[in-house]
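Following: one structure in structure tokens, then a few remarks.
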Amino acid sequence: MHAQTGAFSTKDIEYLRHGQRAMRMRLFKPDGTGPFAAIVDLHGGAWNKGNLTSCNDRDEVFAKAGIAVAAIDFRHASDGYLASMADINYAIRWLKAHATEHGIDANRVGICGQSSGGHLAMLAAMRPNDERYTTINLDVSMPPFHATVCCVGMAWPVINPLSRYRNALRGRASATPPAWIGDIPESHDRYWVTEENMSEGNPLLALERGEKVETPPALWVQGTPDDVHDYHDPGSGGELNEPERFVENYRNSGGSIELIYIDNAERSSKASFDPLTVFFCEHLSV
């Protein structure tokens, strides 16, 4: 059901705890009777930085459109890849298990992410039942739920961590290293540790390896020009840049995906928020 006024409220919730570390969820809830479709939103930050406030502007737009949003904190940085995936998988299941008390429809849940968060969103959607990702159990008093999502919205995702790492290293080794490289290699090393991990936890290469994965409807919003996320991998064996390469593989694997380009200078504005909102409204029946 649509929000009645376009207004919404927010509430911070501790959805998980690791020892003394609380993982929080900021729940944006539209005004109205519900139950509302929901999006789990994942921040970017090269798997090392950022928090649940990083996508606040986008989440407010979703909430005004009548969609509940759960922006979440999750373990990252030196906690590593599998820790992030376990927290995200649990957050999806937790939100479904608590759907009734928060006015959410557990059958209409999508996922969204930006940059490294876009990578995590797609990987979580592709592997909802991966036993390495489902290691955190819901409380026995909660009904059992799986982490399958209805759709995936991505904003300039790092869809291939391995090629992005190697692209940054090539740039750093050049005569005039471009400024965009920054600490990208160090961030990859801290989070992924090895290139083998970058290859394994990799949505694009998972498709090219022929893994059996889920392929829910997806949208990729890509700024241009953007050397950080839109580049050619010379080891790909083809001519496509990484966005087009992923789209081709996703469609070949039976998935429906749209890739749209916007002015990179306007990407953190309605230029990206609006198409994502339209996409989620369509696929979550808002």
Quiz item: So, E200 and R127, do they make that salt bridge, N to O below 4.0 Å?
Solution: yes
Exercise. Go through the side-chain N and O atoms of H232 and N167 and say whether any donor and acceptor fall under 3.5 Å apart.
Key: no
Exercise. Look at R17 together with E14 and state whether they make a salt bridge at an N to O cut-off of under 4.0 Å.
Key: yes
Practice problem: Tell me whether L204 is reachable from V213 by hopping between hydrophobic residues (I, L, V, M, F, W, Y) whose side-chain heavy atoms are closer than 4.5 Å. | Solution: yes
Exercise. Would you confirm whether S54, through its side chain, and H43, through its main-chain N or O, come within 3.5 Å as a donor-acceptor pair?
Key: no
Quiz item: Name the one of R75, R132, M198 that satisfies side chain to side chain contact (heavy atoms under 4.5 Å, CB included) with Y81?
Solution: R132
Quiz item: Are Y133 and I159 grouped together when hydrophobic residues (ILVMFWY) are joined by side-chain heavy atoms under 4.5 angstrom apart?
Solution: yes
Quiz item: Is the backbone of A37 close enough, under 3.5 Å, to the side chain of D105 for a donor and an acceptor to pair up by distance?
Solution: no
Quiz item: Can you name the closest pair of heavy atoms from G182 and P185 and give their distance?
Solution: O-CD, 4.3 Å
Quiz prompt | Gap between atom SG of C112 and atom CG of L120 - 0.5 Å precision | solution = 12.0 Å
Quiz prompt | Residue pair Y191 / S84, side-chain heavy-atom distance below 4.5 Å | solution = yes
Self-check item: T194 and N197: CA distance, side-chain angles, deciding distance, side chain to side chain donor-acceptor pair (under 3.5 Å) verdict
Solution: CA-CA 5 Å; T194 68; N197 288 335; 3.3 Å; yes
Quiz item: Can you tell me if D189 and Y165 form a side-chain donor-acceptor pair at under 3.5 Å?
Solution: yes
Quiz item: Do M126 and T215 come within less than 4.5 Å of each other through their side chains, counting heavy atoms only?
Solution: no
Self-check item: Residues E244, V247; criterion side chain to side chain contact (heavy atoms under 4.5 Å, CB included); working and verdict
Solution: CA-CA 5 Å; E244 292 90 350; V247 165; 5.6 Å; no
Exercise. Kindly compute the distance separating CG (L138) from NZ (K96), expressed to the nearest 0.5 Å.
Key: 11.0 Å
Exercise. Look at the side-chain heavy atoms of Ile, Leu, Val, Met, Phe, Trp and Tyr, link any pair under 4.5 Å apart, and say whether I92 and L52 land in one connected group.
Key: no
Quiz item: Between L123 and G201, which heavy-atom pair has the shortest distance, and what is it?
Solution: CD2-O, 3.7 Å
Quiz prompt | Smallest separation among heavy atoms of A124 and M85, with atom names | solution = N-CE, 3.5 Å
Exercise. Please report the closest heavy-atom contact between P178 and G171, naming both atoms and the distance.
Key: CD-O, 3.7 Å
Quiz item: How are the rings of H76 and F74 set to each other: parallel, tilted or perpendicular (split at 30° and 60°)?
Solution: perpendicular
Exercise. Say whether F280 and I262 are linked into one hydrophobic cluster, either directly or through other cluster members, by side-chain heavy-atom distances under 4.5 angstrom.
Key: yes
Self-check item: Verify same cluster id: L219, V61 (apolar side-chain graph, 4.5 Å)
Solution: no
Exercise. Would you indicate whether the side-chain heavy atoms of R24 and I72 approach each other to under 4.5 Å?
Key: no
Quiz item: Is the backbone of P243 close enough, under 3.5 Å, to the side chain of N241 for a donor and an acceptor to pair up by distance?
Solution: no
Quiz item: How many angstroms lie between CG in D263 and OG in S272, if you round to the nearest 0.5 Å?
Solution: 11.5 Å
Self-check item: Polar side chain donor-acceptor pair, Q222 to D230, under 3.5 angstrom
Solution: no
Quiz item: Taking all atoms of both residues into account, what is the closest heavy-atom pair of I104 and A68, and its distance?
Solution: CG1-CB, 4.1 Å
Self-check item: Main-chain N/O of P225 paired to N264 side chain as donor or acceptor, under 3.5 Å
Solution: yes
Practice problem: Indicate yes or no: at least one non-hydrogen side-chain atom of E258 is less than 4.5 angstrom from one of F279. | Solution: no
Quiz prompt | Heavy-atom closest contact (R58 atom, G113 atom, distance) | solution = NH2-C, 4.2 Å
Practice problem: For Y15, check ring-ring contact (aromatic ring centres under 6.0 Å, His included) against everything at least two apart and list the hits. | Solution: none
Exercise. Check whether any side-chain heavy atom of N202 sits under 4.5 Å from a side-chain heavy atom of L162, and report yes or no.
Key: yes
Quiz item: Take atom CD in E101; do more than 12 heavy atoms of anything else shown fall under 6.0 Å from it?
Solution: yes
Quiz item: Do E282 and R108 sit within salt-bridge range, that is, some charged N less than 4.0 Å from a carboxylate O?
Solution: no
Residues 144-154 side chain polar contacts: donor-acceptor under 3.5 Å, at least two apart:
unit_1	atom_1	unit_2	atom_2	d
H146	ND1	T148	N	3.3
H146	ND1	T148	OG1	3.1

Quiz prompt | Backbone of G117 reached by a side-chain donor or acceptor of S115 within 3.5 Å | solution = no
Quiz item: Out of curiosity, I136 CD1 to L16 CG, how far, rounded to the nearest 0.5 Å?
Solution: 5.0 Å
Quiz item: How far apart are the C-alpha atoms of W220 and I260, what are their side-chain angles, what is the distance that settles it, and do they pass the side chain to side chain contact (heavy atoms under 4.5 Å, CB included) test?
Solution: CA-CA 6 Å; W220 179 322; I260 64 171; over 6 Å; no
Self-check item: Side-chain donor-acceptor contact under 3.5 Å, H119 with W47
Solution: yes
Quiz item: Taking C-beta and beyond as the side chain, do Y250 and P203 meet within less than 4.5 Å on heavy atoms?
Solution: no
Practice problem: For side chain to side chain contact (heavy atoms under 4.5 Å, CB included), just list the numbers for V228 and I184, CA-CA rounded to whole Å, side-chain angles, deciding distance to a tenth of an Å, and then say yes or no. | Solution: CA-CA 9 Å; V228 182; I184 284 176; 4.1 Å; yes
Quiz item: Taking the six-membered ring where the residue is Trp, are the ring centres of F28 and F62 under 6.0 Å apart?
Solution: no
Quiz item: Are any non-hydrogen side-chain atoms of F36 and I67 less than 4.5 angstrom apart?
Solution: no
Practice problem: Compute whether any side-chain donor of one residue and acceptor of the other, for T224 and D226, lie under 3.5 angstrom apart. | Solution: no
Quiz prompt | Ionic contact status for R21 with D79, cut-off 4.0 Å | solution = yes
Quiz item: Could you go step by step and tell me if D233 and R245 meet the side chain to side chain contact (heavy atoms under 4.5 Å, CB included) rule?
Solution: CA-CA 10 Å; D233 174 15; R245 179 184 174 192; 3.1 Å; yes
Quiz item: When rounded to the nearest 0.5 angstrom, what distance separates CD in E208 from CG in N252?
Solution: 10.0 Å
Quiz item: Roughly how far, to the nearest 0.5 Å, is CD of E248 from CD1 of I257?
Solution: 12.0 Å
Quiz item: Is a side-chain donor-acceptor pair under 3.5 Å present for Y231 with S163?
Solution: yes
Quiz prompt | pair T10-L27: side-chain heavy atoms closer than 4.5 Å | solution = no
Practice problem: Test R164 against E195 for salt bridge (charged side-chain N to carboxylate O under 4.0 Å, His left out), laying out the working first. | Solution: CA-CA 11 Å; R164 208 273 285 268; E195 290 195 357; over 6 Å; no
Quiz item: Salt bridge or not for D41 and R26, using N-O below 4.0 Å?
Solution: no
Self-check item: Any donor-acceptor N/O pair, S236 side chain to G238 backbone, under 3.5 Å
Solution: yes
